[in-house]
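The next block holds one structure in the form of structure tokens; read it before the comments.
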Amino acid sequence: MDTMRISGVSSGAESLMHHNALSSLVGRRCDNGRWRRTRMFPARSRTWRLSPKKTLFPSVKAVSSEPKEKVADVVIDSEQEGFSSLSPFGPDAASVASSIKYHSEFTPLFSPEKFELPKAFFATAQSVRDALIINWNATYEYYNRVNPKQAYYLSMEFLQGRALSNAVGNLGLTGAYADALKSLGFDLESVASQEPDPALGNGGLGRLASCFLDSMATLNYPAWGYGLRYKYGLFKQRITKDGQEEAAEDWLELSNPWEIVRNDVSYPVKFYGKVVSGSDGKKQWIGGEDIVAVAYDVPIPGYKTKTTINLRLWSTKAPSADFDLSSYNSGKHTEAAQALFNAEKICYVLYPGDESNEGKALRLKQQYTLCSASLQDIIARFETRSGGRVNWEEFPEKVAVQMNDTHPTLCIPELMRILMDLKGLSWEDAWKITQRTVAYTNHTVLPEALEKWSLDLMGKLLPRHVEIIEMIDEELVSTIVSEYGTEDPDLLKEKLKAMRILENVELPSAFADVIVKPKKKTVTAKNTEESKEDAQTVVKKEQEEEVEVIPEPTVKLPKMVRMANLAVVGGHAVNGVAEIHSEIVKKDVFNEFVKLWPDKFQNKTNGVTPRRWIRFCNPYLSDIITNWIGTEDWVLNTEKLAELRKFADDEALQSEWRAAKKKNKLKVVSLIKERTGYTVNPDAMFDIQIKRIHEYKRQLLNILGIVYRYKKMKEMSASEREKAFVPRVCIFGGKAFATYLQAKRIVKFITDVGSTINNDPEIGDLLKVIFVPDYNVSVAELLIPASELSQHISTAGMEASGTSNMKFSMNGCILIGTLDGANVEIREEVGEENFFLFGAKADEIVNLRKERAEGKFVPDPIFEEVKQYVRSGVFGSNYDELIGSLEGNEGFGRADYFLVGKDFPSYVECQEKVDEAYRDQKRWTRMSILNTAGSFKFSSDRTIHEYAKDIWNIKQVELP
């Protein structure tokens with residue numbers, strides 16, 4: 001069957017030339033923000049023709065029991081030019097300007113009277129998207145042709161950041177777009193600033209996923225990302241006198257110019273219902289609540305390559321038939337639209353509050369939607385590329401599924417369900433395929449982050465999946481019993497308790513008797529009289545005990561599904577994200593599994609993309625690096641950064657280095673003034689801690705250190721202060737989860753301290769405390785290049801890796817931190833003398849907490865001093881809950897679990913060393929240069945190469 005196709009061009013330059021021709025219809029001149037028509041004449045438009053179907057994004061059918069109607073594809077015809085002509089790196093500024101004008105006229109989102117910044121952004125983004133789509137389509141036409149093994153990265157978060165500057169940079173079109181916009185009366189930076197940050201993530205988990213996509217595309221690996229399209233994001237943070245307040249994100253309010261909705265790519269997703277067995281013995285999941293997941297695609301361009309991969313985001317809806325028109329017309333408006341709301345709310349908010357049962361159910365729905373829609377899509381693509389000869393044994397040879405943390409763990413039972421119930425495979429075959437396909441990245445050692453779901457809730461919401469999980473658990477029990485035997489019941493019980501997927505659940509019936517309790521010993525009496533007396537004595541004692549002993553109430557523990565255990569059992573690889581974290585995972589978190597499957601566990605130290613995080617966000621420094629190294633190859637081969645080491649003492653380089661830092665600091669001065677109203681001194685040290693607000697990340701330690709510094713300043717004369725302290729601007733940024741009260745108390749405390757210090761005329765520019773509201777990627781892209789000291793001060797052993805530490809180091813910032821996460825490896829690479837180290841080590845933490853619980857910890861006098869100063873009311877309220885968490889020896893929310901008091905003296909002493917080093921600017925600049933030079937290991941390109949080789953077994957596929 002023929003389909004309507006556009007006879008099209010095959011290069012970015014030709015695409016822009018096409019718009020140039022069309023724009024002759026609407027040639028205009030810009031005067032004072034208004035477009036004035038200058039001429040209009042007929043132009044020859046592109047021809048439309050019917051041609052044999054050649055699918056770039058093939059239509060795919062839903063993996064369900066019911067067939068789905070196929071929708072014809074509209075695709076770009078590249079037959080005439082072929083792949084070899086694909087090159088988006090050629091258009092001149094005039095062609096770009098014509099393309100922008102074309103989109104402002106023919107794909108408008110604003111009224112035609114004015115051409116102002118918001119309209120200029122959308123027209124520019126749509127122009128860039130044209131070039132991306134050409135390479136995007138070509139990438140997947142080629143993949144469909146050669147059918148390589150492809151990796152699929154499933155993540156609840158993708159913290160992308162603004163796309164415009166990154167896209168034109170990766171395409172090599174920054175100059176052309178800058179010149180084109182200048183000719184239209186705009187500058188590229190102002191236009192790019194109109195783009196809202198996509199609200200698809202919160203912290204390091206989502207930012208890592210986005211860095212990985214950039215590296216996958218740049219390195220020409222066949223890969224896709226899968227996530228959810230959150231309408232309102234996590235939240236927009238507002239800072240008031242009461243602390244943090246939350247409002248819905250509005251990033252989609254004016255639409256998203258980068259995404260393309262695929263109305264022909266949608267899949268059914270079911271909740272609730274029941275499981276029945278058919279006459280053939282196959283299980284069927286019927287009834288319940290049905291929704292539809294619709295695909296929204298976002299192109300991800302590689303750097304200086306044609307490869308453009310895909311981030312597919314799912315949005316949820318209900319069929320129009322579910323709108324109850326009868327109820328609506330009878331006045332029951334809310335009831336009429338209930339099914340639509342229930343479907344749509346799944347993709348409203350990232351991490352909805354889960355203290356209520358409704359909140360828990362919604363989170364589980366989100367996770368299952370991501371897994372089910374993505375797997376149906378992956379399987380449909382596998383079947384399409386198989387060309388009608390589907391061999392399911394080949395599925396793991398063509399598909400690699402990476403679960404980014406435990407959120408996508410339902411991939412395991414969902415893949416089993418599809419293979420068994422819909423594709424007719426046996427349990428044994430489906431299990432082998434699943435285990436060979438799926439892999440799991442662990443991102444935390446925090447118990448609350450190793451997800452557990454109520455078995456009762458999951459059983460109601462996903463009844464078929466609970467059946468499958470119970471079977472997987474039974475397989476695991478069988479493996480454990482086989483491995484350890486039944487001779488030592490206590491050992492076996494210990495292994496089962498640590499490793500089972502189902503917690504507080506009776507053993508499967510087949511293993512009900514494997515743990516045999518020792519029988520009571522019987523004593524044979526010497527004669528009948530003695531036996532009778534003994535029996536009477538026993539009865540008497542039992543009667544006395546029955547009267548005196550009051551039995552304790554039985555506590556019924558909740559039955560839970562341990563998702564991390566399921567991820568370990570169901571996947572073929574488990575990796576940590578930093579060397580120290582991976583060791584903790586093996587020694588503590590999953591130690592019993594390591595003993596059983598030692599080859600399954602490995603390390604993949606995180607990385608960040610050098611394109612966004614230095615080349616594009618820090619052009620001043622990038623130009624210096626390129627000039628001194630003599631090539632821009634370092635953007636792709638970061639090992640070349642090490643060449644900076646030989647110039648670290650060169651006065652000319654140091655002078656240029658400091659000048660670049662100053663330019664970046666001036667940008668942040670403007671940002672702070674705009675966002676907070678405070679004026680800060682650009683000559684002061686910029687000391688920055690930007691990350692999710694959490695007790696283990698210890699923003700509280702940082703602000704207490706600042707309070708101590710302030711107290712000491714107040715005790716001195718003006719001349720003593722200036723001699724004793726280096727001027728500092730201490731900058732915080734990050735969001736506290738809406739329901740995390742202690743984190744929100746920390747935010748309020750920081751802002752209260754800042755309000756007091758920033759308005760103290762005695763202190764002036766010697767110390768400022770700034771909390772930048774609504775921290776996001778775009779804010780980070782300003783703060784990180786301007787940073788001079790960055791704080792990565794989590795309790796040792798609690799941060800899996802961190803990625804902001806890598807970004808700071810890459811931009812020549814010196815770190816102060818503990819031996820935690822990737823700090824350990826960064827310190828090794830940049831040199832111990834170029835890292836400010838303090839605090840307890842990971843292997844000391846358990847004993848330190850034990851010491852505290854036993855009442856043996858004696859706090860340092862300066863820690864008591866700073867707590868007393870806070871309680872004096874100098875910053876407002878007395879902060880009893882906050883300071884109380886640092887006191888006592890036991891109890892929830894007490895006993896200083898994160899060891900702020902223990903590390904405080906070491907932290908203060910280390911900060912004194914920071915001041916000393918900063919006074920010697922030559923030494924400080926040398927340290928800064930050596931941080932950038934030593935950061936080469938922490939490129940996400942290196943990490944992705946390791947995943948591709950060691951876990952996914954995929955090869956690079958470069959377009960011809």
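Counting only N and O atoms by type, the side chains of Gln791 and Tyr907 include a donor and acceptor under 3.5 Å apart. Defined by atom type and a distance below 3.5 Å, a donor-acceptor pair is present between the side-chain atoms of Glu451 and Gln367. A side-chain N or O of Ser790 and one of His792 form a donor-acceptor pair less than 3.5 Å apart. Asn404 and Thr441 share no side-chain donor-acceptor pair at under 3.5 Å. Side-chain contact annotation: Tyr947 with Gln402, donor-acceptor N/O pair under 3.5 Å absent. Between the side chains of Gln602 and Lys604, at least one donor N or O lies within less than 3.5 Å of an accepting N or O. Using modelled atom types and a 3.5 Å distance limit, the side chains of Arg363 and Gln366 yield no donor-acceptor pair. Between Thr803 and Asn606, the side chains place no donor N or O within less than 3.5 Å of an acceptor N or O (distance only, hydrogens not considered).
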Open item on the list: Between Tyr152 and Val399, is the side chain to side chain contact (heavy atoms under 4.5 Å, CB included) condition met? List the steps.
Closed with: CA-CA 7 Å; Tyr152 298 96; Val399 172; 3.9 Å; yes

TODO: Show the numbers, then the answer: is there a side chain to side chain contact (heavy atoms under 4.5 Å, CB included) between Val561 and Lys452?
DONE: CA-CA 5 Å; Val561 182; Lys452 296 181 183 180; over 6 Å; no

Task: Residues Leu410, Leu566; criterion side chain to side chain contact (heavy atoms under 4.5 Å, CB included); working and verdict - done: CA-CA 9 Å; Leu410 286 169; Leu566 176 57; 5.5 Å; no

Task: Derivation and outcome, salt bridge (charged side-chain N to carboxylate O under 4.0 Å, His left out), residues Lys937 and Glu579 - done: CA-CA 13 Å; Lys937 172 183 174 180; Glu579 288 177 0; 3.8 Å; yes

- [ ] List the steps and the verdict of side chain to side chain contact (heavy atoms under 4.5 Å, CB included) for Met798 and Ile845.
- [x] CA-CA 10 Å; Met798 301 201 74; Ile845 300 302; over 6 Å; no

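At a threshold of 4.5 Å between non-hydrogen side-chain atoms, the residues Trp657 and Ser928 count as touching. In this structure, Leu899 and Arg698 have side chains that are in contact, with non-hydrogen atoms separated by less than 4.5 Å. Within the 4.5 Å cutoff, the side chain of Ile693 has no heavy atoms near those of the Lys735 side chain. Trp952 has its side chain out of reach of Lys149: every pair of non-hydrogen atoms, C-beta onward, lies at least 4.5 Å apart. Side-chain atoms of Leu783 and Val668, non-hydrogen and from C-beta on, do get closer than 4.5 Å to each other. Contact check for His581 versus Ser801: no side-chain heavy atoms found under the 4.5 Å cut-off. Using a 4.5 Å heavy-atom cutoff, the side chains of Thr609 and Arg207 are in contact. Residues Ile688 and Phe808 meet the side-chain proximity criterion, which asks for heavy atoms closer than 4.5 Å.
Of the inter-residue distances, the one linking Phe749 atom CZ with Leu704 atom CG reads 5.5 Å to the nearest 0.5 angstrom. Here the straight-line distance linking atom SG of Cys211 with atom CE of Met806 works out to 9.5 Å at 0.5 Å rounding. One finds the CE atom of Met927 at 12.0 Å from the CD atom of Glu788 (value rounded to the nearest 0.5 Å). Leu644 CG to Leu930 CG: the interatomic distance, rounded to the nearest 0.5 Å, is 9.0 Å. For the atom pair CD1 (Ile784) and OG (Ser809), the distance works out to 11.5 Å, reported to the nearest 0.5 Å. If you take CD1 on Ile746 and OG on Ser885, they are separated by 7.5 Å, rounding to the nearest 0.5 Å.
Looking at residues two or more places apart in sequence or on another chain, you find no side-chain hydrogen bond (donor to acceptor under 3.5 Å, both in side chains) involving His407. Partners of Glu592 according to the side-chain contact (heavy atoms from CB on, under 4.5 Å) rule, which considers only residues two or more places apart in sequence or in another chain, are Tyr484, Glu494, Lys495, Ala498, Met499, Lys595.
With respect to Glu829 and Arg942, no salt bridge is recorded, no charged nitrogen being found less than 4.0 Å from a carboxylate O. Asp214 has a carboxylate O that lies under 4.0 Å from a charged side-chain N of Arg611, or vice versa, which qualifies the two as a salt bridge. Under the 4.0 Å criterion applied to side-chain N and carboxylate O atoms, Lys744 and Glu246 are assigned as salt-bridge partners.
Closest of all the heavy-atom pairs between Gly607 and Leu208 is O-CD1, 3.7 Å.
By the 6.0 Å and 45° rule, Lys665 stacks over the aromatic ring of Phe686.
Counted within 6.0 Å of NZ on Lys902, heavy atoms from surrounding residues, nucleotides or ligands total 12 or fewer; the atom is thus considered open. Counting heavy-atom neighbours within 6.0 Å of Lys640 NZ, excluding the residue itself, gives a total of 12 or less.
Without hydrogens or angle criteria, Glu695 side chain to Asp896 main chain gives no donor-acceptor distance under 3.5 Å.
Under the 30°/60° scheme for interplanar angles, the aromatic rings of Trp314 and Tyr226 are found to lie parallel. Note: Phe836 and Trp924 have parallel aromatic rings, judged against thresholds of 30 and 60 degrees for the angle between ring planes.
Aromatic ring centroids of His945 and Tyr221 lie under 6.0 Å apart.
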